2 protein chains.
Amino acid sequence: MVMKDGAVAPLQSDSPEPLWQQAARAITREIAAAKLSSGSRLPPERDLLTRLSISRVTLRKALHSLVNSGVLVSSHGRGWYVATEAHQEFPQTLESFSETAARLGLVPSSDVLRAQEAPATLDEAEELSVAPGSPVFHLERIRRLDGVPVAVDISYFSAIRGLDVSAIDFKTASLFRLLIDAGFDLARADSTIEARAADFTLARHLGIEVGMPVLAMWQLIEDGNGRPVCSSTITYAGDRYRLRTSFSRIGKNTAQG
Amino acid sequence: MVMKDGAVAPLQSDSPEPLWQQAARAITREIAAAKLSSGSRLPPERDLLTRLSISRVTLRKALHSLVNSGVLVSSHGRGWYVATEAHQEFPQTLESFSETAARLGLVPSSDVLRAQEAPATLDEAEELSVAPGSPVFHLERIRRLDGVPVAVDISYFSAIRGLDVSAIDFKTASLFRLLIDAGFDLARADSTIEARAADFTLARHLGIEVGMPVLAMWQLIEDGNGRPVCSSTITYAGDRYRLRTSFSRIGKNTAQG
DNA sequence: TCTCAATACCAGTTATGACAAGATATATTT
DNA sequence: AAATATATCTTGTCATAACTGGTATTGAGA
């Protein structure tokens, strides 16, 4: 750990430049000057704020601005780290909708089309390994980025006893978070991805023309024991979204001919 | 019993990734590398924690996350065991073209459109991290299943010295196998997937109409050091192919918005 | 209203230690 | 030889405590 005490130039409050911007530049300078290599940890916030003589809100505003510009990454409970190329790599799992939104600096939102319990059809029952007719909760949403409709998400899962799903506002709530909090271990997701042409309903929801290409991803999410927990189908407007992920261990044995 | 003492890579605090997640990955790697067969026992916790230089809570958090993802099972008073008949393969690899063919009982084949060396353009050079103008081998193929054109594969990689690629018959040969045999270890592939409309050339090659939806997957394949080895773009006819893969959520509570 | 400060509190990450409880080999007793 | 006790492995659980960043509230001042 570097960054000596005296090395910090005092910030000027009479400058027209906001304090947090000055702080951000000061931190950037420190990183360069102290030659903090990529991946190394910064001093904790409580150290930095005394050193820079600013409040925590201001400091964090500076730090977040550096995250936004790709200089730093934060790790809850561990600290602030100088960004590495490794962290600009693609995620191991599929990048989630909100993660993508965060990366692009856009605001995610949802229109709820359907949020109700219904008896499981034969297909649904088979998919979720439950008895046909047993209660299944259906959630259909239009996902937006900065207000622009990007995808239609149709998910369903076996109804959770003792949980009043009708009280949840799915405009903002996260389905994954809901399932995790309900005690499900989301361990794996078998995924199928294909390109289709938008049908009438989809086109209307996404504000595109019928026949335009869309990217449909169907995921069956399972817990650690391989029991299906949730079926999720997300259909993206082809020209408004890209899936990004990272596959590992390509060349084990399998030749991709 | 495997897992030799020196075999464990030290965990680094110079990473924003929590120690317990690093530990979980390290153990997973050990299991795969040492080929600990299903049902075999892991070293006791007290061994592992000294070897990994972490505390017991941290180690147990890692172990539990692996139980959660179906890799391990624990037995009170006995030890930790590799899960019997691991639920599918945890490596998140795409089902390859030939694997898909085998699963469906179809015969894969290829038409070679282009197989030649050429100087790297600026874009190609940047992608592969080589000097512009350096020799790059280009391979373009139409992939067929039972004779039906399913995808167009456009790949290129830095030319391999001492290898006469012109002697290889890419109608049957596997590009991945070629790269592996040439000494590259294909460790990761950063992938971007999107739905597009077929342009004229693509439509002609695939025997579909212009504007029909196609699934385009671009992969930058890297070796263990993160150096790019090969760029591959496969464009599938939307109604003739589906990508299938499996994502695992190791130590995840991340909300998907 | 915006910036900034001060404060309190929540949540995630590690470490340390002590003790309970299941499993098993070994010594001891019957 | 068989049954029993015991020592010693193992994992399971709990509490404590010290860090870390994340969030919310309140209020002062321009």
Side-chain angles (χ1 to χ4, degrees), chain A residues 1 3 10-24 26-27 39-68 71-83 87 98-99 102 172 174 177 180-181, chain B residues 1 3 10-27 39-68 71-83 250-255:
Chain A
M1 203 50 49
M3 269 184 169
L11 308 182
Q12 307 175 9
S13 55
D14 57 347
S15 162
E17 189 183 22
L19 261 182
W20 64 268
Q21 281 183 20
Q22 296 184 43
I27 294 170
S40 61
R41 214 192 75 172
L42 260 62
E45 292 180 2
R46 280 139 179 114
D47 281 20
L48 286 174
L49 60 90
T50 60
R51 206 171 297 177
L52 293 168
S53 301
I54 56 177
S55 77
R56 194 148 168 246
V57 213
T58 311
L59 173 63
R60 285 177 58 77
K61 195 160 186 177
L63 291 171
H64 281 303
S65 80
L66 291 178
V67 168
N68 206 10
V71 179
L72 297 178
V73 291
S74 79
S75 179
H76 194 173
R78 278 177 70 80
W80 295 88
Y81 291 80
V82 180
H87 304 127
S98 27
E99 282 167 353
T172 56
S174 158
R177 174 59 62 190
I180 291 169
D181 291 346
Chain B
M1 194 58 46
M3 270 184 170
L11 307 183
Q12 47 184 0
S13 62
D14 261 11
S15 161
E17 187 184 22
L19 273 181
W20 63 269
Q21 283 183 24
Q22 296 184 42
R25 282 195 304 126
I27 294 170
S40 64
R41 213 193 76 172
L42 260 63
E45 292 179 3
R46 265 88 179 172
D47 281 20
L48 287 174
L49 61 90
T50 60
R51 205 171 301 176
L52 293 168
S53 301
I54 56 178
S55 74
R56 191 151 169 246
V57 269
T58 308
L59 173 64
R60 284 176 60 78
K61 197 161 185 176
L63 292 171
H64 281 303
S65 81
L66 291 178
V67 169
N68 188 334
V71 179
L72 296 178
V73 290
S74 78
S75 176
H76 193 174
R78 286 166 50 83
W80 296 87
Y81 294 81
V82 180
I250 193 162
K252 271 290 196 182
N253 278 352
T254 314

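From a predicted model like this one, the values you see are computed outputs, not experimental measurements. Below, each value reflects all heavy atoms present in this structure, side chains not excepted, and no hydrogens, waters or symmetry copies. Letters go in sequence order (proteins before strands), and every chain restarts at 1.
- For B/Ser75, no side-chain nitrogen or oxygen approaches OP1 or OP2 of C/dG22 to under 4.0 Å.
- The separation between A/Arg46 atom CZ and D/dC19 atom C1' is 9 Å, rounded to whole Å.
- As rounded to whole Å, 17 Å separates atom C1' of C/dA15 from atom CH2 of B/Trp20.
- For the pair A/Leu63 CG and D/dT20 C1', the computed distance is 13 Å after rounding to whole Å.
- Going from atom CG of A/Leu52 over to atom CG of A/Leu19 covers 10.0 Å, rounded to the nearest 0.5 Å.
- Separation of atoms OG1 (B/Thr50) and CG (B/Leu59) is listed at 10.0 Å; rounding is to 0.5 Å.
- Between B/Thr58 and B/Trp20, the shortest heavy-atom contact is O-CB, 3.5 Å.
- At whole-Å resolution of the value, CG in A/Leu59 and C1' in C/dA6 are 14 Å apart.
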Intra- and interstrand pairs of DNA chain D - dot-bracket, Watson-Crick/G-U under 3.5 Å, | marks other strand
||||||||||||||||||||||||||||||
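- Side-chain N/O atoms of B/Thr58 include one lying less than 4.0 angstrom from OP1 or OP2 on C/dA15.
- Side-chain N/O atoms of A/Arg56 include none lying less than 4.0 angstrom from OP1 or OP2 on C/dT7.
- A straight line from CD of A/Glu45 to P of D/dG22 spans 6 Å, rounded to a whole angstrom.
- The side chain of A/Val57 lies closest to C/dA5 when the candidates are C/dC9, D/dT10, C/dA5.
- Comparing C/dA6, C/dT16, D/dG22 by their closest approach to the side chain of B/Ser55 singles out C/dT16.
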Show, in sequence, the C-alpha distance, side-chain angles and deciding distance for B/Arg56 and B/Arg46, and conclude whether the side-chain contact (heavy atoms from CB on, under 4.5 Å) test is met.
CA-CA 8 Å; B/Arg56 191 151 169 246; B/Arg46 265 88 179 172; 3.6 Å; yes
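- Proximity of A/Arg60 to the phosphate of D/dG22: a side-chain N or O atom is located under 4.0 Å from OP1 or OP2.
- Taken from CZ in B/Arg60 to OG in B/Ser55, the straight-line distance is 11.0 Å, to the nearest 0.5 Å.
- Contact check, A/Trp80 against D/dT20: no side-chain N or O comes under 4.0 Å of OP1 or OP2.
- Summarising the geometry, the separation between CG on A/Leu49 and C1' on D/dG22 is reported as 14 Å, rounded to the nearest angstrom.
- Taking CG of A/Leu72 as the reference point, atom OG of A/Ser65 lies at 8.5 Å (rounded to 0.5 Å).
- A/Arg78 contributes atom CZ, which lies 8.0 Å from atom CZ of A/Arg41 (distance to the nearest 0.5 angstrom).
- A close approach under 4.0 Å does occur between a side-chain nitrogen or oxygen of B/Lys61 and OP1 or OP2 of C/dT13.
- Atom NE2 in B/His64 sits roughly 11 Å away from atom P in D/dT11 (whole-Å rounding).
- At the phosphate of C/dG12, neither OP1 nor OP2 sits under 4.0 Å from any side-chain N or O atom of A/Arg78.
- As a whole-Å value, the separation of A/His76 NE2 from D/dG22 C1' is 5 Å.
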